[in-house]
Amino acid sequence: MLFLCFNKKESDFVYGLKIKPIKAVVQDFKNKKEYYFKEGEGICIFNIDGKIEEILAWKRILKTAGIPYLITTDFDKCGNDKKFVIIVKNPEKVSQLSEKEEIDIKNFVKNGGIVIGDGIFSLKFGQLKDLFGYKNCIPSKKRKKMTFIRGYENKYLNEPEERDLTFSHKKESIWTNGIILGTAKPLAFFEDKNPAITVNEYGKGKAILLGFSAFDLVLRNLSNRDFQANAKYINHFEPLSDILVFFIKDLYEKIYPQGFTIYTAPYGFKATFIITHDIDSTAGVKNLRKFVELENKLRCFSTIFVQTKYMLDYNDKPFFTPEFLKFLLELYKKGFEIGSHTVIHSKLISRFPLGDCKESYPFYKPKVTGKYEVLGHPTLCGELKVSKELLEGSGIEIFSFRPGNLEYNYDLPLAMEKTGYKFSSTFSAENVLTYFPFKLLYKDYSGESSIIEIPVALEDELFPPLYFRFDAARDLFKKIYYNGGVMVLLIHTDLTWFKPKNIKILTFLEKFVKSLPADTWITTIGKVGEFWRKREEVQFSCKLEGKKLVIKIYSPFEIEGLTFKKNSSFTFYTSNENLIVKEDFLIFKKIPAGISKWVLDLSG
């Protein structure tokens with residue numbers, strides 16, 4: 001579709017741009033059914049009466065960790081193969097286990113199982129107090145810190161930032177329960193010296209009690225509703241949302257030594273690095289070429305988020321022109337990813353109304369009139385839909401989005417789904433306190449959306465310039481790399497001479513890329529998002545059958561390069577040409593859609 005109008009000055013408004021109309025769609029991702037394997041290793045989430053957000057928190061933890069699970073309200077359905085159970089209880093609701101449930105849970109632990117209790121303080125008549133080895137608890141909303149004891153060993157939680165944790169930098173904090181010990185021993189303490197996590201030996205097994213909820217430690221952060229748990233905004237390492245991932249992963253690997261978890265990168269890569277650029281100025285358009293020429297030489301294609309600025313306003317003159325679009329199309333064909341960076345790049349996008357997703361160019365004309373002022377009825381749908389239609393009008397597929405100033409609107413997941421997006425890079429990693437992709441939540445906690453969020457870990461605008469932060473940036477990457485995480489780098493391409501941030505920025509970029517380990521996956525937001533979109537849907541089971549380890553995998557998609565990581569250093573053999581063994585990794589060249597069965601030989 002082509003629009004031709006001539007009632008404005010050429011310098012004020014760009015007319016004549018092609019669009020590819022998209023129709024707003026409504027999809028129901030909340031009621032999507034999950035597939036579970038009842039047999040084989042894994043974790044059973046026993047939901048007594050947990051709220052949906054509490055279950056969502058544990059699902060997010062286990063998905064990130066790559067651990068198979070099933071969810072049930074019937075303890076018997078956990079099955080005979082499961083040695084690890086997470087009991088989830090609504091802390092605000094007093095309720096009681098049946099006599100059979102209480103006996104079965106205790107026998108499960110006596111026989112060597114592990115249980116983790118989340119919210120079990122509200123069980124009636126002190127049920128399970130003897131199992132978890134506690135006498136009582138002291139609730140509080142004033143505790144802001146937690147520290148693991150020196151004797152707690154976890155190969156993943158090996159950095160100071162992973163052992164000394166902060167919940168809040170405000171007066172208010174999350175609800176916590178200081179645990180009054182019975183027979184249990186502490187693994188972590190709050191700052192008031194009350195135990196925060198305890199473990200109780202019970203028969204052959206263990207019962208671990210949490211003095212906080214998984215929702216408060218994970219999902220609250222990921223939904224941008226924490227009590228400012230992060231000390232810094234960006235460029236530092238603050239992995240609070242990842243702590244339970246590695247706490248559970250360490251336990252899981254010990255109880256299932258001859259097993260696997262799904263790794264966080266494909267093809268045996270150990271970590272992921274993504275270069276992104278925000279094009280939101282005339283100078284950024286002008287100097288983009290210098291960056292892409294360097295990246296092309298380094299063979300590392302970036303994701304370029306483009307503001308479709310077609311109207312003069314407070315910020316800048318219009319720069320989204322047919323000539324620029326032609327250049328973007330050339331980059332797209334070479335392997336660079338192009339994403340949307342809104343239409344007007346307003347600092348107020350977090351307050352924009354949703355809109356009706358019928359907004360269209362050239363009739364959508366909001367205008368930034370000041371740093372925190374905007375006229376012309378901007379909407380979230382308008383910023384997403386109009387920018388996507390304009391970019392796709394030139395033949396570029398658009399699936400990724402980043403708002404200006406990393407401002408989050410709580411309607412973003414819904415609006416992105418309506419307008420056909422799949423991937424977001426909206427948050428700083430420290431804002432959500434994670435270095436892994438995750439699904440954005442609907443604002444009412446009714447479920448996870450289909451949108452994969454990949455947060456930004458390192459950026460170029462804060463002082464000092466990146467060139468002088470090379471060592472700090474490398475240290476940050478090393479910590480993310482060790483955990484198998486994703487580092488997203490944001491660099492603006494303006495190269496404005498009077499801005500200190502631009503000092504030798506190209507030199508920094510080249511040096512940094514060349515310093516990365518060879519087993520780093522250097523790629524784009526779209527490719528990482530697509531990998532994680534498929535990874536999210538995979539369920540599997542491992543089961544020992546004599547000297548054979550049988551792996552069953554369910555995936556609704558065909559997946560290439562999915563990688564499993566061994567839980568220990570056990571040895572196995574395979575003659576399957578579709579499998580590659582690399583160090584601790586088992587790489588599947590191609591997994592078919594549906595259920596597939598794979599057999600590994602442990603006999604030697």
M487 vs Y435 side-chain heavy atoms within contact, under 4.5 Å: no
What closest approach, in Å, do I454 and I525 show between heavy atoms, and which atom pair accounts for it? CD1-O, 3.5 Å
Can T147 and D164 be counted as having a side-chain donor-acceptor contact under 3.5 angstrom? yes
Decide whether E54 and S213 meet the rule of one side-chain donor and one side-chain acceptor closer than 3.5 Å. no
Check the side chains of E459 and Y233 for a donor-acceptor pair under 3.5 angstrom, ignoring hydrogens and angles. no
Hey, is the main chain of L489 close enough, under 3.5 Å, to the side chain of T276 for a donor-acceptor pair? yes
Under 3.5 Å donor-acceptor, S449 side chain and Y442 backbone: no
Taking every heavy atom of D280 against every heavy atom of H341, the minimum-distance pair comes out as OD2-NE2, 3.3 Å
Neighbour count >12 (heavy atoms, 6.0 Å) for atom NZ, K534: yes
One should read off an interatomic distance between D242 CG and T434 OG1, to the nearest 0.5 angstrom, of 3.5 Å
So, E253 versus Y156: side-chain donor-acceptor pair below 3.5 Å or not? yes
Working to the nearest 0.5 angstrom, can you tell me the gap between F237 CZ and D475 CG? 11.5 Å
Just checking, is any N or O donor in the side chain of T166 or K145 under 3.5 Å from an acceptor N or O on the other one? yes
For residues S424 and E453, is any side-chain donor paired with an opposing acceptor at under 3.5 Å? yes
Between F84 and Y256, is the gap from one ring center to the other below 6.0 Å? no
Can you check salt bridge (Lys or Arg N to Asp or Glu O under 4.0 Å) on K155 and D250, steps first, answer last? CA-CA 7 Å; K155 65 182 179 182; D250 179 72; over 6 Å; no
Atom NZ of K232: over 12 foreign heavy atoms under 6.0 Å: no
Show, in sequence, the C-alpha distance, side-chain angles and deciding distance for D411 and F352, and conclude whether the side chain to side chain contact (heavy atoms under 4.5 Å, CB included) test is met. CA-CA 9 Å; D411 281 318; F352 286 2; over 6 Å; no
Take the angle between the ring planes of F212 and F190 and call it parallel below 30°, perpendicular above 60°, tilted in between. perpendicular
Contact summary for L466 and F508, nearest pair of heavy atoms: O-CD1, 3.3 Å
Under a plain distance cut-off of 3.5 Å, with no hydrogens placed, do D519 and Y481 share a side-chain donor-acceptor pair? yes
Less than 4.5 Å apart, side chain to side chain, heavy atoms only: is that true for F427 and L440? yes
Working to the nearest 0.5 angstrom, can you tell me the gap between S400 OG and M416 CE? 7.5 Å
Between N200 and A184 the two heavy atoms that sit nearest each other are OD1-N, 3.5 Å
Between the side chains of E537 and K439, is the shortest nitrogen-to-carboxylate-oxygen separation below 4.0 Å, so that they form an ion pair? yes
Do F540 and F260 have ring centres separated by under 6.0 Å? no
The residue among I116, L123, D118, I105 that forms side-chain contact (heavy atoms from CB on, under 4.5 Å) with I87 is I105
For a 4.5 angstrom cut-off between non-hydrogen side-chain atoms, does R535 reach T264? yes
Would you say the side-chain atoms of H345 pair up with the backbone N or O of G404, donor to acceptor, closer than 3.5 Å? no
Validate the cation-pi geometry between K51 and F215: distance from NZ or CZ to the six-membered ring centre under 6.0 Å, angle to the ring axis within 45°. no
Taking the basic N atoms (NZ, or NE/NH1/NH2) and the acidic carboxylate oxygens, is any pair closer than 4.0 Å for E407 and K347? no
Is it the case that over 12 heavy atoms from other parts of the model lie below 6.0 angstrom from the NZ atom of K206? no
Apply the test side chain to side chain contact (heavy atoms under 4.5 Å, CB included) to residues T72 and C78: give CA-CA distance (whole Å), side-chain angles for both, the deciding distance (0.1 Å), then the verdict. CA-CA 7 Å; T72 181; C78 285; 4.0 Å; yes
As an exercise, state the distance from CE of M146 to CG of L187, rounded to the nearest 0.5 Å. 10.0 Å
Geometric class of the Y152/F247 ring pair [parallel <30°, tilted 30-60°, perpendicular >60°]: tilted
Heavy atoms only: give me the nearest A265-F269 pair and the separation to one decimal. CB-O, 3.5 Å
Please say which of L157, L433, I243 ends up in a side-chain contact (heavy atoms from CB on, under 4.5 Å) with L165. I243
Stepwise, does the side chain to side chain contact (heavy atoms under 4.5 Å, CB included) test hold for Y467 with K511? CA-CA 9 Å; Y467 178 77; K511 183 180 177 182; over 6 Å; no
Ignoring hydrogens and angles, tell me if any N or O in the side chain of K144 forms a donor-acceptor pair with the backbone of K170 under 3.5 Å. yes
If you round to the nearest 0.5 Å, how far is CZ of R469 from CG of L476? 10.0 Å
Any cation-pi pair here, K565 with Y263, using under 6.0 Å and within 45°? no
So V513 and I275, do their side chains get closer than 4.5 Å, heavy atoms only? yes
For a quick check under 3.5 Å, do D494 and S281 share a side-chain donor-acceptor pair by atom type? no
Strictly below 4.0 Å, N to O, side chains only: are E530 and K527 in salt-bridge contact? no
Cation-pi check for Y445 against R225: NZ or CZ below 6.0 Å from the six-membered ring centre and within 45 degrees of the axis, yes or no? yes
Dump the intermediate steps for side chain to side chain contact (heavy atoms under 4.5 Å, CB included) on F423 and W532, then the final yes or no. CA-CA 10 Å; F423 318 120; W532 276 79; over 6 Å; no
For side chain to side chain donor-acceptor pair (under 3.5 Å), just list the numbers for R143 and S173, CA-CA rounded to whole Å, side-chain angles, deciding distance to a tenth of an Å, and then say yes or no. CA-CA 7 Å; R143 299 186 183 102; S173 185; over 6 Å; no
Side chain to side chain donor-acceptor pair (under 3.5 Å) assessment of S122 paired with K89: CA-CA 8 Å; S122 61; K89 173 86 180 68; 3.1 Å; yes
So does E238 get a backbone contact from the side chain of N230, meaning a donor-acceptor N/O pair under 3.5 Å? no
Should the pair E536-R60 be classified as a salt bridge under the 4.0 Å nitrogen-to-oxygen rule? yes
Between atom CD1 of I120 and atom NZ of K129, what is the distance when rounded to the nearest 0.5 Å? 9.0 Å
Assess the side chains of E162 and N154: does a donor N or O sit below 3.5 Å from an acceptor N or O? no
Any non-hydrogen side-chain atom of N409 less than 4.5 Å from a side-chain atom of P403? no
Residue pair T520 / L516: nearest heavy atoms and the distance that separates them: OG1-CB, 4.2 Å
Between Q307 (side chain only) and V343 (backbone N and O only), is there a donor and an acceptor less than 3.5 Å apart? yes
